[in-house]
Visitor: 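One structure is given below, represented as structure tokens, and several questions about it will come after.
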Amino acid sequence: MIDALAQSSTTTSQGGGLAALLVPLLLMGGLFYFLLIRPQKTRQRQQASILNALEVGDEVMTAGGIFGTLKEIDDDADTVTVEIAPGTNVRMLRRGIAQRLTEDGDQEDDEPGEEVDDRA
């Protein structure tokens, strides 16, 4: 009878030890999800939306840091042609575009280098 009581008390203490071990592990898993996994998925969705919004004539920056203008988009091969200098075209994968520098919305058609005088 005493042995049965001793076994039940050790089983209870082992169950408490297991819960004390699982709770911090679950908390760490939740912390990793909110600090690492969730922001990464958000960045992936943002990058996918940038790549889907690309149009011919957009100014872009490649993943290698090269600036250029999109000249052609081939959806079948998932490639783009970027003009990085006058007469110098580079064909690359669409996912090699890191940023789209052309802003949507109203754009002024000022000539490059033309200064605008806002003084009245």
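As the structure is a computational prediction, the values presented were derived from the model and not from experiment. We're numbering straight along the sequence, starting at 1.
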Visitor: Other hydrophobic cluster members with Val60, side-chain heavy atoms of Ile/Leu/Val/Met/Phe/Trp/Tyr under 4.5 Å, chained?
Guide: Leu51, Leu54, Val56, Ile66, Leu70, Ile73, Val80, Val82, Ile84, Val90, Met92, Ile97
Visitor: Pairs in or reaching into residues 65-77: which pass side-chain hydrogen bond (donor to acceptor under 3.5 Å, both in side chains), with residues at least two apart or in two chains?
Guide: Lys71-Glu83, Asp75-Arg94
Visitor: Donor-acceptor pairs under 3.5 angstrom involving side-chain atoms of residues 18-46: please list them, not counting sequence neighbours.
Guide:
| residue | atom | partner | partner atom | Å |
| --- | --- | --- | --- | --- |
| Gln40 | OE1 | Arg43 | NH2 | 3.0 |
| Thr42 | OG1 | Arg38 | O | 3.0 |

Visitor: Not counting sequence neighbours, list each pair that qualifies as a side-chain hydrogen bond (donor to acceptor under 3.5 Å, both in side chains) and has a residue in residues 47-68.
Guide: Asp58-Arg100
